[in-house]
Engineer: 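First the structure, which I've put down as structure tokens, then a few questions once you've had a look.
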Amino acid sequence: MNMKKSIWIYWILVLAILFGLFRFSGRLDGSENITTTQGIAMIESGQVKSVTLDGERIMLEDLDGQRFRFIVSPLMQDTFYTKYLLARVESGEIELQTKSTNEGGFLKTILPYVLMLGLFFFMMNTLTKVGRTQSREAEEFTKNKAKRFQAVGDVITFRDVAGLEEEKTELYEIVDFLKNPAKFTAIGARIPKGVLLVGPPGTGKTYISKAVAGEAGVPFFTISGSEFLEMFVGVGASRVRDLFKRAKKESPCIIFIDEIDAVGRKRGSGLGGGHDEREQTLNQLLVEMDGFEKNEGIIMMAATNRPDILDDALLRPGRFDRTISIGLPDVRGRYEILKIHTKDKPLAEDVDLKQIAKRTPGFTPADLENLVNEAAILSARQNAKVIQRTSIEEASIKVIAGPEKTSTLITPEEKRLVSFHEAGHAIVSRFTKGSDPVHMVTIVPRGRAGGFTYMVPEEELNYHTKEKILGEIVVLLGGRAAEDLMLGDISTGASNDIERATKLAHAMVAKYGMSKTLGTLNYTDDESHLFLGKSLGHSKTFSEETLKQIDEEMREIISHCYQKAIHLLEENKEALIRLAEALMERETIYKREFDALFEEEYNPEDYKDDTLELF
Ligand code: ADP
Ligand code: MG
Ligand code: ZN
């Protein structure tokens with residue numbers, strides 16, 4: 001440990017404590033700290049009886065005898081005095097005092113300083129001692145940030161983990177080992193050294209790893225990959241060393257490295273060239289992992305949503321030799337997760353968790369937890385005693401599209417544009433095979449979107465057909481097509497739609513082998529994550545010719561889909577106009593009205609009080 005550094009840390013501590021005391025000393029007279037603005041406001045509103053000036057510190061006493069203090073910088077003092085005080089002091093409204101040192105008695109003034117000095121000497125004393133004993137505590141202080149969780153209090157166990165039955169079974173083996181290593185070592189069983197949890201964000205990787213620790217009742221050291229990287233040069237590697245040292249002392253235990261991709265990216269890469277801090281940390285990690293025996297009672301766990309960028313060395317036998325993928329929950333999983341997160345929340349009678357689970361394909365466990373929580377907040381805000389179904393409906397939109405941005409002002413022209421744009425998506429979607437039913441169309445801005453068409457799948461699909469993807473592109477382009485067709489002008493509002501449509505078209509051609517001319521080949525550039533630190537060496541290169549062909553195919557797909565969108569809108573122009581007008585008038589319309597737009601006897605009056613009915 002670097003002695004100089006640790007002394008500095010003590011100095012900072014001493015200063016922090018002195019500072020705290022200093023502030024505390026001001027509070028001894030029972031005054032409340034307020035901001036300068038608040039102080040001035042109090043003076044202006046005539047609440048102040050007396051003002052005491054003590055250098056830059058100003059004390060106020062209000063009509064009830066309550067005291068407040070704030071600071072006015074020396075530069076501002078003249079202005080403060082002439083502008084806010086002078087007239088009031090002259091009129092006798094405010095009594096003005098200047099502070100004399102003796103006021104408040106000897107003890108009040110001197111005691112804090114005595115204490116400060118005493119503490120200072122005490123700290124100095126400790127500091128030299130620490131220096132002599134090779135600054136042990138200081139070392140502890142800067143050591144590793146790994147947080148140690150012991151299985152006490154409200155730990156998570158497998159009972160709190162919904163679904164994921166196979167994953168739990170697999171992890172149970174590890175729990176069993178940690179609980180009773182002797183049983184395994186006696187018969188020479190081979191236990192995995194490291195388990196890598198792989199899955200999209202919010203699927204519960206961190207959560208399930210905590211459950212493993214809770215279940216096993218062993219110490220759980222956790223550190224996030226990104227925390228390693230915040231450290232000074234050379235510290236990352238030594239933290240890894242310390243982490244393993246501590247773990248060995250407390251085995252059996254679990255070391256969990258969350259977001260391991262931050263340290264575990266492929267080596268010899270990155271734009272900064274070879275030997276960086278991250279690589280040293282990774283090397284140290286590999287060394288340590290090799291340095292303990294399989295049955296020492298330490299299990300390494302790690303989580304990532306980018307397994308593709310991990311250094312191969314991490315995945316070699318003897319390191320993270322087991323991978324468990326965690327995917328999105330299915331209907332049953334979602335139902336179980338909802339049950340867990342509503343366990344101690346009162347629900348209204350008409351809330352049907354099964355129905356909610358059915359209508360939320362694609363939601364991660366984190367989304368579902370968020371949904372329940374938002375719904376609870378909304379219900380509480382309406383002073384409801386139980387969570388209302390309507391709150392859950394509203395929360396689901398919030399989770400998907402972000403909160404309403406009611407403060408955004410839009411001009412009538414913008415309103416017209418957004419109305420036709422969203423109407424375009426909705427109408428096109430209705431006539432596109434494989435498209436999900438429209439439950440809501442709104443022009444109220446949410447999150448980053450100017451408007452939003454809420455389509456909810458009827459059932460879950462695990463794979464997508466060519467027809468379905470093409471349909472998706474048509475719907476995406478429906479917004480722009482409606483602007484073009486009805487307003488004769490196009491806007492920037494469609495840029496996100498176009499970006500997504502382009503990505504889909506690219507995937508069709510280059511990834512899913514859905515192109516006639518290019519055939520069933522994968523043309524994706526797997527090395528497209530250069531900025532994330534992948535090697536320049538193995539990049540696949542395509543000929544100019546191939547790239548041009550991919551481009552051409554994509555352009556053809558997009559233009560074909562766009563024509564289709566235009567065509568559908570022309571055929572349903574009346575409904576398009578009806579919908580856009582309803583949106584301009586009432587901003588949000590729901591499924592019942594949307595379906596009625598296509599009927600002869602549609603009357604907007606009938607749908608005024610509709611709300612979202614999803615669940
Ligand atoms: P990740 O680490 O994969 O990004 P988290 O572990 O942070 O995801 O999970 C986010 C939240 O989702 C957790 O706090 C937890 O409340 C909830 N959650 C995740 N998986 C489950 C599950 N299987 N059962 C119940 N809740 C879960
Ligand atoms: Mg996580
Ligand atoms: Zn759009």
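Counting convention: from 1, in listed order, for ligands and their atoms alike.
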Engineer: Strictly by modelled atom types, are Tyr207 and Asp160 linked by a side-chain donor-acceptor pair under 3.5 Å?
Structural biologist: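 Result is no, nothing qualifies.
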Engineer: Tell me whether Arg446 contacts the main-chain N or O of Gly402 through its side chain, where contact means a donor paired with an acceptor under 3.5 Å.
Structural biologist: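 Judged by distance alone, yes, a pair lies under 3.5 Å.
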Engineer: Report the C-alpha distance between Lys354 and Asp352 in whole Å, list the side-chain angles of each, state the deciding distance to 0.1 Å, and finish with yes or no for salt bridge (Lys or Arg N to Asp or Glu O under 4.0 Å).
Structural biologist: CA-CA 5 Å; Lys354 279 210 169 104; Asp352 179 356; over 6 Å; no
Engineer: Show me which atoms of ligand 1 lie under 4.0 Å from any heavy atom of His341.
Structural biologist: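 Listed by number with element: 16 (O), 17 (C), 25 (C), 26 (N), 27 (C).
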Engineer: Can you find a non-hydrogen atom of Glu336 under 4.0 Å from ligand 1?
Structural biologist: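 No, that is not the case, since the closest heavy atom of the residue is not under 4.0 Å from the ligand.
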Engineer: For Asp344, give me all partners under salt bridge (Lys or Arg N to Asp or Glu O under 4.0 Å), at least two apart in sequence or on another chain.
Structural biologist: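 Not a single residue meets the salt bridge (Lys or Arg N to Asp or Glu O under 4.0 Å) criterion with Asp344.
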Engineer: Looking at ligand 1, would Asp160 count as a contact under a 4.0 Å heavy-atom criterion?
Structural biologist: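 It does; at least one heavy atom falls under 4.0 Å.
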Engineer: Would you check if the side chain of Glu553 reaches a backbone N or O of Val509 as a donor-acceptor pair within less than 3.5 Å?
Structural biologist: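 No; judged by distance alone, with no hydrogens or angles, the pair does not exist.
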Engineer: Tell me yes or no: between the side chains of Thr453 and Glu422, is some donor less than 3.5 Å from an acceptor?
Structural biologist: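 Yes, because at least one side-chain N or O of Thr453 sits under 3.5 Å from a partner of the opposite role on Glu422.
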Engineer: Angle subtended at the Zn ion (ligand 3) by OD2 of Asp497 and NE2 of His421, to 10 degrees?
Structural biologist: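 So the angle at the metal works out to 90°.
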Engineer: Taking the side chain from Ser391 and the backbone from Ile387, do they hold a donor-acceptor pair closer than 3.5 Å?
Structural biologist: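 No.
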Engineer: When you measure from the centre of the six-membered ring of Phe598, is the NZ or CZ of Arg430 under 6.0 Å away and within 45° of the axis?
Structural biologist: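 Judged by the rule, Arg430 and Phe598 form a cation-pi pair.
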Engineer: In terms of the angle between their ring planes, are Tyr607 and Tyr602 parallel, tilted or perpendicular, with boundaries placed at 30° and 60°?
Structural biologist: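 Parallel, since the angle between the ring planes stays under 30°.
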Engineer: In the protein, which heavy atom is nearest to atom 19 (C) of ligand 1, and how far is it?
Structural biologist: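 Ranking protein heavy atoms by distance from atom 19 (C) of ligand 1, first comes Pro365 CB, 3.2 Å.
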Engineer: Tell me the protein heavy atom at minimum distance from atom 24 (N) of ligand 1, and give that distance in Å.
Structural biologist: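 Sorting protein heavy atoms by distance from atom 24 (N) of ligand 1 puts Ala162 N, 2.9 Å first.
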Engineer: Below 2.8 Å, which protein N, O or S atoms neighbour the Mg ion (ligand 2), ignoring water?
Structural biologist: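 Metal shell, protein only: Thr206 OG1.
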Engineer: What protein heavy atom sits nearest atom 2 (O) of ligand 1, and how far off is it?
Structural biologist: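 Result for atom 2 (O) of ligand 1: Thr206 OG1, 2.6 Å.
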Engineer: Indicate, as side chain, backbone, both or neither, the part of Glu369 found under 4.0 angstrom from ligand 1 when only non-hydrogen atoms are considered.
Structural biologist: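 Just the side chain.
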Engineer: Using a 4.0 Å heavy-atom threshold (strictly under), name the region of Leu164 that reaches ligand 1: side chain, backbone, both or neither.
Structural biologist: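 Leu164 to ligand 1: side-chain contact only, backbone stays beyond 4.0 Å.
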Engineer: If you have a sec, work out which protein heavy atom is nearest atom 6 (O) of ligand 1 and how many Å separate them, to one decimal?
Structural biologist: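 Answer for atom 6 (O) of ligand 1: Tyr207 N, 2.7 Å.
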Engineer: Identify, by name, the N, O or S atom of His425 lying closest to the Zn ion (ligand 3).
Structural biologist: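 For His425, the N, O or S atom at the smallest distance from the Zn ion (ligand 3) is NE2.
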Engineer: If we only consider heavy atoms of Pro201, is any one of them less than 4.0 Å away from an atom in ligand 1?
Structural biologist: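 Yes, that is the case, since the closest heavy atom of the residue is under 4.0 Å from the ligand.
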Engineer: If I compare all heavy atoms of Ser429 with all of Ser435, which pair ends up nearest, and what's the gap?
Structural biologist: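 The answer is O-CB, 3.3 Å.
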Engineer: With a 4.0 Å cut-off on heavy atoms, does Gly202 reach ligand 1?
Structural biologist: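 The answer is yes, since Gly202 has a heavy atom less than 4.0 Å from ligand 1.
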Engineer: Identify the protein heavy atom lying closest to atom 9 (O) of ligand 1, giving its residue, its atom name and the separation to 0.1 Å.
Structural biologist: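 Residue, atom and distance for the closest contact: Gly204 CA, 3.6 Å.
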Engineer: Salt bridge (Lys or Arg N to Asp or Glu O under 4.0 Å) between Glu394 and Lys398: does it pass, once the steps are laid out?
Structural biologist: CA-CA 6 Å; Glu394 172 64 27; Lys398 205 166 164 187; over 6 Å; no
Engineer: I need the single residue from Leu338, Ile337, Ile392, Val372 that forms a side-chain contact (heavy atoms from CB on, under 4.5 Å) with Leu353. Which is it?
Structural biologist: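 So, applying the side-chain contact (heavy atoms from CB on, under 4.5 Å) to Leu353 and each of Leu338, Ile337, Ile392, Val372, only Leu338 qualifies.
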Engineer: For atom 10 (C) of ligand 1, what's the nearest protein heavy atom and its distance?
Structural biologist: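 Checked against all protein heavy atoms, atom 10 (C) of ligand 1 sits closest to Ala366 CB, 3.7 Å.
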Engineer: Is the shortest side-chain N to carboxylate O distance from Asp312 to Lys266 below 4.0 Å?
Structural biologist: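 Salt bridge present between Asp312 and Lys266.
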